[in-house]
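Here the structure comes first, spelled out in structure tokens, and everything after it is commentary.
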Amino acid sequence: MTDFPRSLLVFHLRFGDEAACAQYLAAARWSDGFVCPGCGGGKAWRLETKPWTYECADCGRQTSVTAGTIMHHSKLPLTAWFWAAYLMATHSNGISALQLQRQLALGSYKTAWLLCAKLRRSMLAPGRSPLAGLVEVDETEIACRSKNDQVTGGGGRSHQGKMLVVGAVEVEDNGPGRIRLGQVADYSAASLHPFLAANLAPGATAKTDGWSGYPGAAGITHDPHVVGKMAAHIVLPWVHRIFSNLKVWALGVYHGLRRNHLQSYLDEFVFRFNRRRTRHAAFRSLLGIAAGHQPVPYKMLISPEAKA
Ligand SMILES: [Zn+2]
């Protein structure tokens, strides 16, 4: 698992066909040898009749190397999944569905879009540890891409026609540590406190611009720095830099973000930023994380609010 390709050419040689990808999945899944999910037995045969499926020698249960992963029951070849995960994990800005469709010569835009959407869903690691220590917290607005959303030029905290995002950045000695971004309905305490509770460890200190929505979150020390709007980027430099990178990325890769899928794009930005020093490991973590996910129904991908 440590021999990860560091270039496109080596990647192509390593994962050039279905067998190579399936072997990689099997090794990732059963690093100490096959274990039957039904009876715990350790002996199995590979079936000739079904692709990359093993039959338990004890109970007869059949297990595919893709079972429980986002690749399960996919009509796409494993090589397409691997390429998509590799491009998404290692490109510094990620890759849009349109770019992916062209690069992998996929049949339709819809296929490429679903591929991207499924990988993006698996970027949210379950059980990830919350931000700790000193954390800059601030809010920002992003213009919607939809033509139906009227973009208004209201100043201050008026934000009709915009999407509201709250961000948090760990402050380390040499710069930013890990980040989190969340979509919020408004900037009230009722919206901001759940974000703080979900993303900041108990005992963390939230450094803010003094906005009234932040104080009082349970377990969080509040460190307000009341400033005029112009000076906020000086008091909270890292979260402001993250916001500006986020906006440039959203325009550059996606030509703007849509309201329906905002949180999954935020998760993608966070995933890539938090793995910026280990891009090649991000691929492994993408597939590794994905292996722990239940397959996401199509309905949930096109409408994130829908329940499975
Ligand atoms: Zn078994």
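Whatever order the structure lists ligands and atoms in, that order sets their numbers, starting from 1.
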Subject >> Listed partners of E136 passing salt bridge (charged side-chain N to carboxylate O under 4.0 Å, His left out), at least two apart >> reply: none
**OP:** Not counting sequence neighbours, which residues clear salt bridge (charged side-chain N to carboxylate O under 4.0 Å, His left out) with E170? List them please.
**Re:** R178
Original post:
Cluster question for you: counting only ILVMFWY and a side-chain heavy-atom cut-off of under 4.5 Å, with indirect links fine, are Y109 and Y265 together?
Top reply: yes
Subject >> side chain to side chain donor-acceptor pair (under 3.5 Å) against Q183, all qualifying residues, sequence neighbours excluded >> reply: none
Original post:
Looking at V248, L181, I142, L236, which hits side-chain contact (heavy atoms from CB on, under 4.5 Å) with F243?
Top reply: L181
Subject >> Distance filter under 2.8 Å, centred on the Zn ion (ligand 1) - protein N, O or S atoms that pass it >> reply: C36 SG, C39 SG, C56 SG, C59 SG
**OP:** Taking all non-hydrogen atoms of both residues into account, name the closest pair between G175 and W238 and its distance.
**Re:** CA-CZ2, 3.6 Å
